[in-house]
Amino acid sequence: MLVATVTALLNSCPTAKQAKQIHAQIIVCALNNLEPLLVRQILLSASTYSTTVAQYVLKILYHLHCPDAFSWGFTVRYFSQQAQFKEALSLYFQMFKQGLCPSTFAISSALRASARIVCRTEGILIHAQSFKYGFCGCVYVQTALVDLYSKLGDMNTALKVFDEMLVKNVVSWNSILSGYLKLGHLAEAQRVFNQIPRKDVVSWNSMLTGCAKSGDMDQACLLFEQMPERNYASWNAMISGYVDCGKIESAQKLFAEMPQRNNVSWITMIAGYSKFGFVESAWELFNQMPEKDLISFNAMISCFAQNNRPTEALKLFNEMLKADVNIQPDEMTLVSVVSACSQLGDVRYGSWIESYIKNFGIEFDDHLVTALINLYAKCGNIGKAYELFDGLKKKDVVAYSAMILACGINGKVYDAVNLFTAMVDAQIEPNLATFSGLLTAYNHAGLVEEGYQCFNSMMEHQLVPLLDHYAIMVDLLGRAGRLQEAYELIESMPMRPCAEVWGALLLACEVHSNVDFGEIAAKHCFELEPTTTGYYSLLANIYASVGRWDDARKLREVIKDKKLAKIPGRSWTEIT
DNA sequence: CTAGGGTTAG
């Protein structure tokens with residue numbers, strides 16, 4: 001590669017991520033035999049992208065006159081430490097292809113990389129190589145192997161390697177412990193924990209997290225009190241445990257009590273608030289954060305997107321791109337941004353967002369593609385949605401549900417049903433959202449009996465219908481004119497019906513000019529959402545349609561008063 | 001080796 005080409009490439013690179021990938025290419029060139037002086041020039045220009053890369057480049061240059069196994073090993077380790085696991089692995093295999101004998105350095109780093117991104121085949125291959133080169137007695141290699149097999153969930157092999165270790169260290173103990181915890185074998189983990197000769201703070205934290213994840217906060221508390229030393233991870237694991245079991249107040253209390261907070265603490269709380277719909281509290285914390293990083297922005301953007309505040313999500317996204325903040329978004333950012341765009345349901349966002357993704361050099365991973373399916377479906381581009389769906393590497397329950405809904409809102413009931421059948425055939429368990437999509441499909445097609453059957457079949461999948469499912473059913477029954485049944489369904493609901501549910505009935509009553517149920521539905525809507533004038537209009541329409549002009553007029557008066565009373569508040573939100 | 005952010009819901 002010529003200096004000019006590489007330099008131009010780097011200068012035109014719009015994202016740090018792409019720049020990093022180009023670094024990787026350059027480093028391979030460097031190690032592969034380019035003239036040192038030429039490469040030096042390239043690397044120095046590359047190093048302007050980050051100080052860590054600059055430091056690294058200097059070290060590489062030191063060895064450059066002879067790209068030997070040591071340099072390669074050093075490089076693999078560097079990438080592994082930088083959490084660039086894919087790059088680390090690919091470098092390792094390139095080195096191997098050159099016929100160079102790997103060092104324990106390279107092997108243990110490559111194993112670490114394959115453990116972190118759970119590359120089964122690669123990991124096992126490297127294990128075989130380390131055996132071939134006689135490195136299986138090296139503690140670093142052994143420790144990495146124990147961790148690899150624990151992360152793969154293969155505890156038999158992990159234990160086999162572990163038992164062969166002449167010198168067991170606390171890291172290998174901890175790897176075994178986290179292996180069992182990952183599988184949810186709490187009792188086994190506890191047994192291992194008790195056996196660890198010199199437990200360190202990681203051992204305690206792992207055990208604590210295991211208890212918290214299984215919902216046993218009492219045991220987690222006990223461990224937290226007993227542990228000889230606490231670090232950030234200990235406190236954060238406790239906070240995260242409380243958030244997971246819905247005890248947001250306890251989480252809040254610990255957050256306030258902890259001696260020092262790091263970004264993980266802040267983000268755990270923000271995500272916790274988001275989960276339970278406390279958007280204002282999340283926003284307040286976010287603003288108090290001293291050093292906001294990518295993940296904190298992602299958490300906050302996701303909070304807005306998940307709580308039906310798409311405009312604020314997009315606003316914050318723009319905020320992070322501003323020069324004074326300048327944080328590069330990643331796949332996860334875009335997933336929330338795409339979700340926000342689809343909530344706004346504006347066709348224009350489709351191409352806007354795609355060009356953004358391309359400009360930022362972001363990969364279209366399955367999550368992002370699923371979010372895009374929804375976006376295109378909402379914009380009515382079902383063909384594009386299908387195209388994306390077919391291109392998915394792995395179709396999971398979310399992907400199927402998104403596609404079923406895509407068909408549902410675009411009037412393709414039979415496609416939706418076929419997808420559902422295909423999904424069940426593929427042994428993928430439908431969830432609540434799957435049924436939302438399917439019911440939506442039946443609703444759009446006005447297929448009452450099928451919808452009913454579908455609703456009732458939820459029980460067969462051990463699913464209890466949520467508010468939304470009831471809302472769709474009420475809408476379906478109501479539009480079909482089966483108002484009595486719709487009303488009875490509402491009455492049979494195990495949870496308190498929200499305004500949306502009564503609103504669906506009210507709307508149906510307007511369509512069918514039914515005063516009796518209309519009045520009941522409206523009464524509930526007025527109670528639940530006194531400021532929404534739309535419900536008053538609906539009832540007024542119903543009165544008008546049966547000739548009760550006086551009642552209709554009275555309601556229109558009420559609407560006028562309410563609108564007047566609302567003006568100050570509304571204009572305020574519109575300005576900001 | 002432990003702790004934080006993602007997709008579906010007329």
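Note on naming: letters A, B, ... go to the chains in the order of the sequence lines (proteins, then strands), and numbering restarts at 1 for each one. These numbers come from the heavy atoms of this one structure, side chains and all, not from hydrogens, waters or symmetry mates.
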Distance test, side-chain N/O of A/Gln306 to OP1/OP2 of B/dT8, below 4.0 Å: yes

Would you sort out whether A/Ser150 and A/Asp147 count as a side-chain hydrogen bond (donor to acceptor under 3.5 Å, both in side chains), showing the intermediate values? CA-CA 5 Å; A/Ser150 291; A/Asp147 188 47; 5.5 Å; no

Under 3.5 Å, is there an N or O donor on one side and an acceptor on the other linking the side chain of A/Asn231 and the base of B/dA3? no

Examine A/Trp204 together with A/Phe193 and report whether their ring centres are nearer than 6.0 Å. yes

Counting side-chain heavy atoms from CB outward, which of B/dG10, B/dT2, B/dC1 is closest to A/Arg116? B/dC1

Does a nitrogen or oxygen in the side chain of A/Ser302 sit under 4.0 Å from OP1 or OP2 of B/dG6? yes

Choose from B/dC1, B/dG10, B/dG4 the nucleotide whose nearest atom is closest to any side-chain atom of A/Ile295. B/dG4

Let me know which of A/His185, A/Gln190, A/Arg191 forms a side-chain hydrogen bond (donor to acceptor under 3.5 Å, both in side chains) with A/Glu188. A/Arg191

Hey, does A/Asn443 reach any base, or is it just sugar-phosphate, or nothing, if we go heavy atoms under 4.0 Å? sugar-phosphate

Applying a 4.0 Å non-hydrogen cut-off, can you work out what A/Asp293 is touching in the nucleic acid: base, sugar-phosphate, or nothing? base

When you check the phosphate oxygens OP1 and OP2 of B/dA9, does a side-chain N or O of A/Asn431 lie under 4.0 Å from one of them? no

OP1 or OP2 of B/dG6 sitting under 4.0 Å from any side-chain N/O of A/Lys275? no

Out of B/dG10, B/dG6, B/dT7, which nucleotide sits closest to the side chain of A/Thr370? B/dT7

Which part of the nucleic acid, if any, lies within reach of A/Asn263 when heavy atoms closer than 4.0 Å are counted: base, sugar-phosphate only, or nothing? base

Any chance OH of A/Tyr386 has more than 12 other-residue heavy atoms, nucleotides or ligands included, within less than 6.0 Å? yes

Is A/Arg230 touching bases, backbone alone, or none of the nucleic acid, heavy atoms closer than 4.0 Å? nothing

Is the ring pair A/Trp502/A/His524 parallel, tilted or perpendicular, if the boundaries are 30 and 60 degrees? parallel

Measure the distance from CG on A/Asn307 to P on B/dT7 and round it to the nearest whole Å. 11 Å

In whole angstroms, the gap separating C1' of B/dA9 from OH of A/Tyr470 amounts to 16 Å

Exam field: side chain A/Ser457 to backbone A/Cys454, donor-acceptor pair closer than 3.5 Å: yes

Nearest whole Å is fine: how far is B/dC1 P from A/Lys168 NZ? 19 Å

Using atom CG of A/Asn308 as one end and atom P of B/dG10 as the other, report the distance to the nearest whole Å. 9 Å

Hey, does A/Lys151 reach any base, or is it just sugar-phosphate, or nothing, if we go heavy atoms under 4.0 Å? sugar-phosphate

What nucleotide, of B/dA3, B/dT8, B/dG10, holds the atom closest to the side chain of A/Thr209? B/dA3

Using a heavy-atom cut-off of under 4.0 Å over every strand shown, decide if A/Ile404 touches base, sugar-phosphate, or nothing. nothing

Short side-chain N/O contact from A/Ser339 to OP1 or OP2 of B/dT8, under 4.0 Å: yes

Measure centre to centre between the rings of A/Phe435 and A/Tyr442, then say whether the value is under 6.0 Å. no

Of the options A/Trp266, A/Phe297, A/Tyr273, A/Phe304, which is the one that meets A/Phe286 in a ring-ring contact (aromatic ring centres under 6.0 Å, His included)? A/Phe297

Please pick, from B/dA9, B/dT8, B/dC1, the nucleotide with the shortest atom-to-atom distance to any side-chain atom of A/Ser178. B/dC1

Just the rounded figure in Å: distance from C1' of B/dT2 to CZ of A/Arg112. 13 Å

Can you tell me if the side-chain N/O atoms of A/Ser240 get under 4.0 Å from OP1 or OP2 in B/dG4? yes

When we call it a touch if two heavy atoms are under 4.0 Å apart, what does A/Leu177 touch: a base, just sugar-phosphate, or nothing? nothing

Can you check the A/Trp235 CH2 to B/dA3 P distance for me, whole Å? 18 Å

Candidates B/dA3, B/dT7, B/dT8 - which lies nearest the side chain of A/His367: B/dT7

Starting at CG of A/Asn374 and ending at C1' of B/dG10, how long is that distance when rounded to a whole Å? 13 Å

Just the rounded figure in Å: distance from P of B/dT7 to CD1 of A/Ile362. 15 Å

Numerically ordered, the residues 387-403 of chain A set in heavy-atom contact under 4.0 Å with DNA chain B is A/Val398, A/Ser401

Does a donor on one side chain and an acceptor on the other come within less than 3.5 Å for A/Thr333 and A/Asp330? yes

Check whether any side-chain nitrogen or oxygen of A/Arg261 sits under 4.0 Å from OP1 or OP2 of B/dG4, and answer yes or no. no

For the base of B/dG6, is there a side-chain donor-acceptor partner from A/Asp365 under 3.5 Å away? yes

